[in-house]
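Since the structure comes first, as structure tokens, the remarks are kept for the end.
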Amino acid sequence: MFVDSEFDRRSFLRYSGLSLAALGSAGPLQVLAQTQNTLTIAYNVDLPSWDPTVGPSAVNPTIQSLYKAVFSQFIDQNPDLTLKPDLLSAWGWNADKTQISLTVRSGAKWHDGSAVTAEDVAWSLRRAGDAKTGNPIQFVWSKIANVRVQGDKVIADVKEFEPAFFKWMAFLTGYVLPRAYYEKVGASGFEKKPVGCGPYQVEEFVQGSHMRLRAFKDYFGPKPSFETVVIKFTTDPSARVAELESGRSDLTLEVPYEEAERLRAKGFTASIAPVSDIGMIFLTNVEPMTNDKVRQALALAIDKKALAERLLKGHVVPIDTLQAKGYAAYDASIKAPFDPKRAAALMAEAGYTRSKPLKFKVQTTRGFKPKDFEVMQAIAGMWKAIGAEVELEVYEVAKHFELRSQHKLAPAAFYNWGNSIGDPSTSTGFAMFSHSPHSAWKDPKTLDGKIAPLWGEKDEAKRLAGYKAVDKYIAEQALVIPLFQYSQTVVFRKGLKFAPHGAGFVLPQTVGRS
């Protein structure tokens, strides 16, 4: 760890446990930092809340790495996205899929020293399914009922079959919280002092600045390599690069691809690996997007291949649906071609030309994903060529969640959609179904009529075929504009080792020493 404007000399000594004499005899800080038991990460988003199961930010995939350092989930994921035990050692349906049975691992402890019990798991499930608690995935968790404990097992009845239910246990809001502690301190007390049973416990948290974590000695899983982890919330990609180059941070992520390559040439290690995240442009069913010709023209005008090669150095894969390669319902036959002549003709039919342009607002993040703002600038130029002039508005990803949940996004809004479980219900389903709080396009009649029957479809082949048909319809109607499947950049100093995860997780507990 290194001293900078956020951490003064005295704080550094307190964090590292060194005396002044030891500091004076240790030589340059950079040498000292790389021999101490502290890992410092320049992270690309802030943490708005410590409850991983409530509020709009609970569905931010990028925040999950921070939550997973402190809390355990029902089920975990391997780097190849297959499921593995976490707090549950076993799970499954009964023969006719009218019940689920969960086996809770023994020996796990909360950070306050109390034992994790099956009742904690049952309570967490009941709470997740209660609409009053504000869980944004409540409509999934509420599909089970009569959750009860039988020894080390939790049994629940299935009210409505959810094909991806166990996948959700490894996904957004699928966390187990301590019932006794939470009921004792309440929501506000939990924010002040969160308690989980993950590999690290919280020592300090300053919103908008940093957090400091300490390894939990009674963690049931593999022991992390670093006793202390400092996470600096550094939303600007240039600042994250500076953190690494100056030695103030040991590892960072989501820097532009060319910066990762430059840092690699300077002696840093750079991981650039495909992940399940996709870049997309949400379209909201407000003017001018209610005009079919306008939407279709905007989609046809985007040269995704050029953007991928020139701006993103070939490290992304253009996509035409909300299913990326590796997703269960991916269908390479569905195409949304680049056709600027057809795009201009459609705009003219809608009444707009370069001399009489359509004007509207477009929202985008800046630095959340590599070259996100620059990509949207380039797309704005492509749209201008066919008669659409847009105003780009930069917003933080937390603001995106707030606006999306209120159905107040701009007519077009860039977003990075994470789908680590690769299920079509968690991509097309939740992004496009009107009753989902995560959708921008609301079509209760036609589109909902196509998606609704698929939620409880027990025939897996029929379910996947149904989603492929939905994706084809969405592409033809241009109800959303998919852009790319991303590769994730993670850059770190010598002396560390990091293995990429297909979900894009950058977990402090998996960073080791080389």
Side-chain angles (χ1 to χ4, degrees), residues 51-53 58 64-65 67-95 97-111 114-130 133 135 137-138 140-182 195-200 216 218-223 420-423 425-426 501-503 505 507 509-510:
D51 190 331
T53 68
Q64 305 310 306
S65 295
Y67 286 147
K68 287 170 75 71
V70 174
F71 304 101
S72 293
Q73 297 197 255
F74 299 101
I75 300 170
D76 199 3
Q77 281 184 289
N78 292 301
D80 67 357
L81 305 185
T82 56
L83 302 181
K84 67 176 182 178
D86 200 354
L87 270 183
L88 300 182
S89 58
W91 55 89
W93 310 94
N94 64 350
K97 296 185 177 179
T98 58
Q99 277 189 354
I100 62 169
S101 176
L102 316 172
T103 302
V104 181
R105 78 161 58 241
S106 62
K109 290 186 177 181
W110 297 109
H111 294 159
S114 61
V116 177
T117 67
E119 181 53 41
D120 290 315
V121 172
W123 173 79
S124 295
L125 280 171
R126 294 187 207 109
R127 180 172 176 266
D130 184 351
T133 62
N135 187 311
I137 311 297
Q138 179 269 340
V140 169
W141 304 118
S142 62
K143 292 182 179 181
I144 60 170
N146 192 22
V147 183
R148 64 257 190 209
V149 173
Q150 296 178 1
D152 65 347
K153 295 185 184 299
V154 174
I155 309 296
D157 299 330
V158 175
K159 289 168 52 181
E160 181 182 345
F161 179 68
E162 168 54 62
F165 192 83
F166 293 122
K167 292 181 182 179
W168 273 105
M169 287 190 152
F171 198 32
L172 306 174
T173 76
Y175 293 87
V176 181
L177 300 185
R179 176 177 185 174
Y181 176 78
Y182 192 95
V195 167
C197 61
Y200 284 99
F216 179 45
D218 289 327
Y219 177 55
F220 58 81
K223 304 303 178 188
S420 67
I421 59 176
D423 194 84
S425 67
T426 51
H501 195 289
F505 296 141
L507 304 169
Q509 60 267 35
T510 64

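Atoms considered below: every heavy atom in the structure, side chains included; atoms not considered: hydrogens, waters and symmetry mates.
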Quiz item: Should the ring pair F216 and H111 be called parallel, tilted or perpendicular, given that the plane angle runs from 0 to 90° and is split at 30 and 60?
Solution: perpendicular

Exercise. Answer yes if the ring centres of F171 and W168 are under 6.0 angstrom apart, and no otherwise.
Key: yes

Quiz item: Can we say K167 and E162 salt-bridge, meaning some charged N sits less than 4.0 Å from an Asp/Glu carboxylate O?
Solution: no

Exercise. Scan residues 146-156 for pairs that pass salt bridge (Lys or Arg N to Asp or Glu O under 4.0 Å), counting only residues two or more places apart or in two chains.
Key: R148-D157

Quiz prompt | Least distance between heavy atoms, L81 atom then A503 atom | solution = CD2-N, 3.4 Å

Quiz prompt | Side-chain donor or acceptor of D86 paired with backbone N/O of F74 under 3.5 Å | solution = no

Exercise. Using a 4.5 Å cut-off on heavy atoms from C-beta on, say whether the side chain of V104 contacts that of T117.
Key: no

Practice problem: Check whether any side-chain heavy atom of F71 sits under 4.5 Å from a side-chain heavy atom of V176, and report yes or no. | Solution: no

Quiz prompt | Closest contact, heavy atoms only, A118 versus G151 | solution = CB-O, 3.7 Å

Quiz prompt | Nearest-0.5 Å distance that lies between atom CG in L88 and atom OG1 in T103 | solution = 8.0 Å

Quiz item: Rounded to the nearest 0.5 Å, what separation is found between the OG atom of S72 and the CG atom of D120?
Solution: 11.5 Å

Quiz prompt | Pairwise side-chain contact, L102 with M169, heavy-atom cut-off 4.5 Å (strictly under) | solution = yes

Self-check item: Main-chain N/O of A156 paired with Q99 side-chain donor or acceptor, under 3.5 Å
Solution: no

Practice problem: With side chain to side chain contact (heavy atoms under 4.5 Å, CB included) as the test, would you mind laying out the steps for I421 and Q77 before giving the verdict? | Solution: CA-CA 9 Å; I421 59 176; Q77 281 184 289; 3.9 Å; yes

Practice problem: Give the minimum heavy-atom separation between V147 and I144, together with the two atoms involved. | Solution: CG2-CD1, 4.0 Å

Self-check item: Any donor-acceptor N/O pair, T82 side chain to N78 backbone, under 3.5 Å
Solution: no

Quiz item: For Y67 and Y175, what are the C-alpha separation, side-chain angles and deciding distance, and is it a side chain to side chain contact (heavy atoms under 4.5 Å, CB included)?
Solution: CA-CA 9 Å; Y67 286 147; Y175 293 87; 3.5 Å; yes

Quiz item: For the rings on F161 and W93, is their centre-to-centre separation under 6.0 Å?
Solution: yes

Exercise. For D51 and L177, run side chain to side chain contact (heavy atoms under 4.5 Å, CB included): C-alpha distance rounded to whole Å, both residues' side-chain angles, the deciding distance at 0.1 Å, then the answer.
Key: CA-CA 9 Å; D51 190 331; L177 300 185; 3.7 Å; yes

Exercise. Take F165 and V158 through the side chain to side chain contact (heavy atoms under 4.5 Å, CB included) test and state the conclusion after the steps.
Key: CA-CA 10 Å; F165 192 83; V158 175; over 6 Å; no

Quiz item: Is the side chain of R127 donor-acceptor paired with the backbone N or O of T133 at a distance under 3.5 Å, no angle test?
Solution: no

Exercise. Mind checking side-chain hydrogen bond (donor to acceptor under 3.5 Å, both in side chains) for T173 and listing every partner two or more places apart, or none if nothing turns up?
Key: N135, W141

Quiz item: At what distance, to the nearest 0.5 angstrom, does CD of E119 lie from OG of S124?
Solution: 9.0 Å

Quiz item: Between atom OG1 of T98 and atom NZ of K159, what is the distance when rounded to the nearest 0.5 Å?
Solution: 15.0 Å

Quiz item: Is the side chain of E160 donor-acceptor paired with the backbone N or O of K143 at a distance under 3.5 Å, no angle test?
Solution: no

Quiz prompt | Lys NZ or Arg CZ of K68 over F505 ring: under 6.0 Å, within 45° | solution = yes

Quiz prompt | Any donor-acceptor pair under 3.5 Å from N94 side chain to K97 backbone | solution = yes

Practice problem: Would you check if Q73 and Q64 make a side-chain contact, meaning some heavy-atom pair closer than 4.5 Å? | Solution: no

Quiz item: Out of curiosity, Y219 OH to C197 SG, how far, rounded to the nearest 0.5 Å?
Solution: 8.0 Å

Self-check item: Closest approach of A170 to L83 (non-hydrogen atoms, all atoms of both residues)
Solution: CB-CD2, 3.8 Å

